[in-house]
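Structure, as structure tokens:
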Amino acid sequence: MLLGGATLIFLFVMVLLALAMRRRDAPGQASGERVWIVGLGLAFPLTVLAALLAYGLVVGERLLPRPGPGVVDVGAEGRQWDWHFTYADAPGRMTEGVLHIPAGRPVDVAITSADVIHSFWVPRLAGKLDAIPGHVNVLRIEAWVPGDYAGVSSEYNGPGYTGHDFTVRAHDEAAWADFLAGEAP
Amino acid sequence: MTALRLHRELTRIWASEPGWKGWFTTVNHNDLGRMFIVASIVFFVIGGVLAMLIRAQLASPRSAFMAPETYAQVFTMHGTIMMFLFAIPLIEGVAVYLLPKMLGTRDLAFPRLTAYGFWCYVLGGSLLILSLLLGIAPDSGWFMYPPLSSTLGSPGINSDFWLLGITFVEISAISAAVEITVTILRYRAPGMSLDRMPVYAWYILVVAVMILTGFPPMILGSILLELERAFGMPFFQVENGGDSLLWQHLFWLFGHPEVYIIFLPAAAVISTILPVMARTTLLGYGWVVAAAVSLGVLSFGIWVHHMFTTGIPHMGLAFFSAASTLVAVPTAVQIFAWIGTLWKGRPELHLPMLWILAFFATFVIGGLTGVMVAVVPFDWQVHDTHFVVAHLHYVLVGGFVFPMLAALYYWLPHVTGRRRFFKLGETAFWLIMVGFHITFLAVHWAGLLGQRRRTHTYDEGQGWEIINLIASIGGFVTAIGFALVILDIVVNAAVAVRGSRDPWQAGTLEWAMPTPPAAYNFASLPEIRSRDPLRDDPALPVRIARGEGWLGDASRGRRESLTVATATGEPAQVVVLPGNTGLPLLMAVTTGGIFVGMLLKLYWLVPLAALGVATLAARWAWGLGATRDEGPVEGRPGLVLALASESVDPPGWWGSLFLLLADATLLGSLLFGYAFLWTVAPNWPPPTWAEPGLLAPSLALVGAALSVTGIQLADLRLRQERGPWLGFLLGLAGSVALALAAGMVLLGTDPTAHAYNATLWVLGGFVVLHAGLAGLMTLYLTCRYAAGFVTGRRIGEARIVRLWTDYAAGTGLLALAAAWLPGAVA
Amino acid sequence: MTDILRISGPLTLWLTAFSAVYGLQGLICSPRWAEAGLDLAAGRMALALAASLVLGLQVAFLLALRTTRFASCSGFVRTLSLGLSTVALVASAWTLIPVATTSACL
């Protein structure tokens, strides 16, 4: 939708330009400042941008990790060049490189870093959020179907950056219970 | 006097030294503008080669061309060079060359400062290139996020090159900004009121003020990070009360205005060239000026949009999302004003116009993708992917490089005095246009498919191979195009035929002179009555050359120019400008000693070099100071004006004012950082607060009061032609007392213990430095008085010292109060 | 110089106010706010007050620039400063929308 709108605006501007370059009739007819500047320069972008801003705010608000029933809490700690994951429902459990979550339930990932700045990004589940030393950022993710989802670091963090990835493994109800009980999934 | 005799006289006065020596001693904006431009193009070529290395590496999956460590240096240096060593200096160079000519004056306000800035730029830039050649270049990305760029992530010397080299280069940005601001506000042709100023000057005024307020946060950040790396002051280390987010705030407080600092000069060029190409005037001059000013200020309110993924609360993000969408409005006003101008006139398709059309096609796409990433949820997906890379290249290449190419071809006849004969430029245009779009449309696409930026390679099977190959091929085509442009310029500058004056029939003053221009620009300064003086009066160049305007008489045998009242353009003072000197180069080399000393950890060299700079600065000011009372001089037959050195607000006072604006922004950024750490950093409050006690605060108060009243007294007594000795003495004592009070802050705390203590050190150091400067200036003034060079008439120097003293006292009290406040409350 | 202040003043006021409100929001969401014994409702109240104050100041600035006492003698500067003052007012309203519409500390 964003792309489509942007393409339309781009084409509109290009057509105006092309017409300006091709016109060979009497120049200097002062259609003037009102049309060009007040109409196209002010009113047009203000309208489009107001709509866009409203959309962004509403969607952004919906993505917030509000407390709710059935939210699973896990922790993710980035380091050069590895990820450690911990689980509130299974204290003491720590996995490296693979984050286990239940499918179909909202999961809050508490993200932090042990050394430099990293970023936690699972493109198919949510946007990215940075892992910053000393800070804990909470990202809400939810996987609808069980399976493996690829995740990567997405803030440059040194020579090992390219291969600094991880997997999010979403389990069905039974497998999740098994995992929490400490059996190898 | 005939035009030819006048020309000979003025040339004798204004010419640079002949031969190679002239390169090092020139202070003339004609020379320095061209030197700036050529140097920036050299750096552009180096940055371009790095870009080709990147595209070569990414052309195929699993490429073994570069190791990740090498690749990191290459992409870091590509960004750094293009931003700091190409874009900003090119803007400065074009402005240095053009502004005095457009404004109808003979040179910039502070010619030696132009030269000093140029040498700082070349030396600092060479330092960075040297690191690249030695294979120890910065490697943490061009925005240098700590902890990766600090001792934890880069223990080697790499980051130091960036922090010190770039700060060295920024001296040139600040000095250029100071003199550009003063030049536009004060050095114009008589009668050129604000509304008759060329629109280019308006834009560049906005840009210069933006540099003065936008660069200090980053300069501060670089200083803090270097202090952390060199002396263990933990500003960005979380265990000891620092926070790496502080860097991001300071960096982007600079970094986003920077985008507009780069875009606005390009918009200035378009607003100047496009109406000429359309044979009409700019539609909505007032609207465009208002849009430029709005854009300049609004761009300071959107820095956090580079930090959307750092976990800032949604309301915070929403503020910046709103502001980021809003900046699109003044941009749209300008775009449609330009298109409206084209509709109003009869556009002709010369090469500069082709480049402007390329700008439209490219920049509008870049602007639209910019609006997309201003939407928070969208940004969360594409942040740090190639989509952002493509977006910023569309904005910077489309919004800056293309207009600059238009400028290059538009003003080339002015610089060379020749007509373009070989038409390589048109071929180059199509190569660059097509190559660029192929490359970066593909890069957009790769980003949407999830390819991250800064990864040195990728695996097969993700669908990225063909896209990257296309992007690389496009990149090489673009590079060939740029090579052809350079070839075109060189060939045409060397062998093309002589052209006519004003080949485009433009209306602005830079075309009212023979080309290539003489060192003095105008044989006499014209009286201005409209926005397009040359169009209204085609005989203007002849009258200027005959000496019929202001200062059309070279009999005083020195470089003279004119200042005007800021708003009305009424002539105000006659200024004497300095002649050729090697002092700026010497001072730049000495300044370099400070940075090299820090870089190589030869800390004894740092105070030594600083002392050298102070000595040279005194020599610098002494050399131009007036040594006798002259009284008003003739500006044009029958009309006398005061000399600037005999005014209460000489150019040096104005320059100081704007330099202090930058300095105050630096202090403001430091106080912001302090408050930021106090609210946000995890390990706060610190274990103990520093106790102010009673002695130090009283000393500070007394010191501030003494220094302010002392210099005020000296000023008053000087104007009454009575001895100012008591005032000098009180002023000195006050500065010493203030410095002592700040020194007590330094001695009472261990800067490596906690970010709080480190901040106290920087606050205290700031006060010591400024009180010391005020003290040294008072000493200098005392010497000048003793030598008989300061009198009630030649009061200007005393006013400048007074400005600095008042500033040192005011900021000193503010900084010390901030340092002591938490301890006093607790 | 005064004319430069007339031109740069309103938008500088916007920038200061905008940064200050952002800083206030940061303070409200930081541990320092709770340590001072204040809750989120007090925070929202403070934000709303700050936003109204900003808008009030901008309106006052705009009106002042219309009076003979503060207006410039140059017609161009007068038009320009009034225009930019309007821009500053709109910018203040636009960028402070989140105070009323979004959640403060999530």
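The structure displayed is predicted, hence computed values, not measured ones. A, B, ... follow the sequence lines: proteins, then strands. Residue 1 opens every chain.
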Using non-hydrogen atoms and a 4.5 Å limit, figure out which bit of [X] sits close to chain A: side chain, backbone, both or neither.
X        : answer
B:Val238 : side chain
B:Gln248 : side chain
B:Asp139 : backbone
B:Leu317 : neither
B:Val680 : both
B:Pro330 : neither
B:Met307 : neither

Inset, instruction - State whether the side chain of A:Trp36 and the backbone N or O of B:Ile335 hold a donor-acceptor pair below 3.5 Å, judged by distance alone. - result: no

Inset, instruction - Look only at the side chain of B:Thr325 and the backbone of A:Leu49, and say whether a donor-acceptor pair between them is shorter than 3.5 Å. - result: no

Legend entry - Test side-chain contact (heavy atoms from CB on, under 4.5 Å) applied to A:Pro102 - qualifying residues, sequence neighbours left out: A:Val72, A:Arg105, A:Val107, A:Trp176

Inset, instruction - May I ask you to name which of A:Ala126, A:Ala50, A:Gly163 has the most heavy-atom pairs under 4.5 Å with chain B? - result: A:Ala126

Legend entry - Pairs of heavy atoms under 4.5 Å with chain B: top-ranked of A:Val38, A:Asn157, A:Val48: A:Asn157

Inset, instruction - Scan side-chain atoms only and decide if A:Asp130 and B:Thr310 contain a donor-acceptor pair under the 3.5 Å cut-off. - result: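 On atom types as modelled, these side chains do not qualify, holding no pair under 3.5 Å.
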
Legend entry - Residues from residues 133-144 of chain A approaching chain B under 4.5 Å (heavy atoms):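 Those residues of residues 133-144 of chain A which have a heavy atom under 4.5 Å from chain B are A:Pro133, A:Gly134, A:His135, A:Asn137.
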
Inset, instruction - Using the ring of A:Tyr156 (Phe, Tyr or Trp, six-membered ring only), decide whether B:Arg452 places NZ or CZ under 6.0 Å from its centre and within 45 degrees of its axis. - result: no

